[in-house]
Protein chains: 2
Amino acid sequence: MSAAASVTIGVAARRTGISAKMIRYYEEIGLVTSAQRNAGGYRLYGPEDLHALRFVRRARDLGFSVEEIRALLALWRDRGRASAQVKALALGHVADLRRRIAALEDMARTLGDLARHCGGDARPDCPILDDLAGPPAPDDVGRRPERKRRARFTTHG
Amino acid sequence: MSAAASVTIGVAARRTGISAKMIRYYEEIGLVTSAQRNAGGYRLYGPEDLHALRFVRRARDLGFSVEEIRALLALWRDRGRASAQVKALALGHVADLRRRIAALEDMARTLGDLARHCGGDARPDCPILDDLAGPPAPDDVGRRPERKRRARFTTHG
DNA sequence: CCTTGACCTTCCCACCATGGGAAGCCCCAC
DNA sequence: GTGGGGCTTCCCATGGTGGGAAGGTCAAGG
């Protein structure tokens, strides 16, 4: 075995692309196993640890949440897992991504449309603001006649 | 003036679709002007306030950050603004949305591809995990011969 | 008039994932 | 043995949002 070479957290950070801060955080929340320590209290990372950290890094790049990664790591370590479980998790995440994409696209489309109708010149007229402002005051701006409107808590006077 | 009808925060929340919590928060961070108070300390919202809150609500629906909304509100209130300013802000935000969409789509596509190649059955083989794990340990897992590798801070032993 | 119950107030805590920074210790090279 | 870079822990902040406790207010009904 020869207890393969270990590196400190800074080196591990550089090698995995995860900041030292985040490595400590992941340890704290139990996402990765606690690193061994040398006599001086420094964390030491062996190849296996780095491998796991890279796994985490890649999973985060794919947008998985920490909790999802926790599950993925468990499946990874479970040599007997059914690939169906992994696939289900992945597809669930894809569905989530698609939902978020759709939401963002709605926004982008709407806003793009509004912008397209906006002069974008020195004049103040702007359909974007008009849209944000909505219908011209559904309340009683534009003072409707006498219709005594009774609202609770009218102010001083 | 007849000091148009004012409502309490709960009513304002229902009418604008912003929770009372958030209305207080927006006031605290100065996004909206501080509400007036009645003798008992209750916040009171008039039509103008509700209008502004709805504006904020709509802007948030379109994905604008609080800071962007702050700018939009300023432009809204500035009767002499140039629509170009509004348009620039909006287009900047659209660009941001597009960037985020692209990032999410990368993830979704990659993950979808991986999932497509995954059996999704009872067997453990899984390209998804394989991808996450990356190339089989760029370090010395799979023990290369003698190549004495010197790493600082080798562990106890 | 007093109670009841809905509503409001402030204050603190939590989330998620990340970064910043301070105070102090460790390690190695010179 | 000293300097300097790396490490440790601890606290704080971000952005928006929600939860909840402790206590005050308000209107209505008996």
Side-chain angles (χ1 to χ4, degrees), chain A residues 6-32 34-45 49 53 56-71 93 96 100 103-104 107 150-156, chain B residues 6-32 34-45 49 53 56-71 93 96 100 103-104 107 150-156:
Chain A
S6 295
V7 299
T8 55
I9 201 170
V11 177
R14 262 166 262 138
R15 293 216 190 145
T16 61
I18 305 181
S19 71
K21 277 258 158 155
M22 289 314 297
I23 295 178
R24 290 193 200 99
Y25 172 68
Y26 290 153
E27 174 178 324
E28 186 193 322
I29 64 173
L31 182 63
V32 298
S34 295
Q36 304 211 214
R37 305 288 185 118
N38 72 4
Y42 283 24
R43 287 176 180 79
L44 295 176
Y45 297 86
D49 301 318
L53 284 173
V56 171
R57 172 58 151 64
R58 178 86 181 115
R60 289 231 31 78
D61 285 349
L62 289 174
F64 284 102
S65 72
V66 164
E67 286 317 305
E68 286 169 327
I69 297 174
R70 204 186 291 276
H93 181 51
D96 188 40
R100 287 154 61 188
L104 293 180
M107 299 178 195
R150 136 178 347 266
R152 320 179 333 163
F153 303 119
T154 30
T155 325
H156 42 66
Chain B
S6 296
V7 299
T8 55
I9 201 169
V11 177
R14 261 166 264 138
R15 294 216 189 146
T16 61
I18 305 181
S19 71
K21 276 252 152 147
M22 290 314 298
I23 295 178
R24 289 192 200 100
Y25 172 69
Y26 291 152
E27 175 179 323
E28 186 192 324
I29 64 173
L31 182 62
V32 297
S34 296
Q36 305 211 213
R37 307 287 187 117
N38 71 4
Y42 283 25
R43 286 176 181 78
L44 295 176
Y45 297 86
D49 302 317
L53 285 172
V56 171
R57 172 55 150 66
R58 178 85 181 117
R60 287 223 44 72
D61 284 350
L62 288 175
F64 284 102
S65 71
V66 165
E67 287 316 306
E68 286 169 327
I69 297 174
R70 203 186 293 277
H93 181 51
D96 187 42
R100 286 155 62 188
L104 293 179
M107 299 178 194
R150 140 181 343 268
R152 321 181 333 167
F153 302 118
T154 31
T155 326
H156 42 66

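Every chain is numbered from 1 and lettered A, B, ... according to where its sequence line falls, protein lines coming before strand lines.
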What is the distance, to the nearest angstrom, from the [atom1] atom on [X] to the [atom2] atom on [N]?
X        : N      : atom1 : atom2 : answer
A:Tyr25  : D:dT9  : OH    : P     : 16 Å
B:Glu27  : C:dC11 : CD    : P     : 13 Å
A:Glu28  : D:dT8  : CD    : C1'   : 13 Å
B:Arg100 : D:dG15 : CZ    : C1'   : 12 Å
A:Ile29  : C:dT18 : CD1   : P     : 9 Å
A:Ile9   : D:dG5  : CD1   : C1'   : 15 Å

- Query: Would you say the side chain of B:Tyr42 and the base of D:dC26 hold a donor-acceptor pair, judged only by whether the two atoms sit under 3.5 Å apart?
  - Reply: no

- Task: May I ask you to verify whether the side chain of B:Lys21 and the base of D:dG20 hold a donor-acceptor pair under 3.5 Å?
- Result: yes

Among [options], find the nucleotide with the atom closest to the side chain of [X].
X       : options                : result
A:Ser19 : D:dT9, C:dC8, C:dG19   : C:dG19
A:Thr8  : D:dG6, C:dT9, D:dG16   : D:dG6
A:Asn38 : C:dC27, D:dG6, D:dT17  : C:dC27
A:Tyr26 : C:dA17, D:dG16, C:dT18 : C:dT18

- Query: Heavy atoms under 4.0 Å, any strand shown: does A:Arg24 hit a base, just sugar-phosphate, or nothing?
  - Reply: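 Touches a base.
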
- Message: Working note: B:Arg37 + B:Arg43, criterion side-chain contact (heavy atoms from CB on, under 4.5 Å); need CA distance, chi angles, decisive distance, verdict.
- Response: CA-CA 5 Å; B:Arg37 307 287 187 117; B:Arg43 286 176 181 78; 3.1 Å; yes

Is any side-chain N or O of [X] closer than 4.0 Å to OP1 or OP2 of [N]?
X       : N      : answer
A:Arg43 : D:dC7  : no
A:Arg37 : D:dT9  : yes
B:Arg70 : D:dG15 : no
B:Arg60 : D:dT17 : yes

- Task: Can you measure from CD1 (A:Ile9) to NZ (A:Lys21) and round to the nearest 0.5 angstrom?
- Result: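 One finds 10.5 Å between CD1 of A:Ile9 and NZ of A:Lys21.
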
- A:Glu67/A:Arg70 salt bridge by N-O under 4.0 Å criterion: yes

- Considering all heavy atoms of both residues, which atom of B:Val66 and which atom of B:Leu31 are nearest to each other, and what is their separation?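 Answer, listing the atom of B:Val66 first, then B:Leu31: O-CD1, 3.7 Å.
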
- Please report the shortest heavy-atom distance between B:Leu44 and B:Asp49, naming the atom on each side. O-OD2, 4.0 Å

- Earlier contact from the 5' end, DNA chain D, for B:Phe64 and B:Gly41: B:Phe64

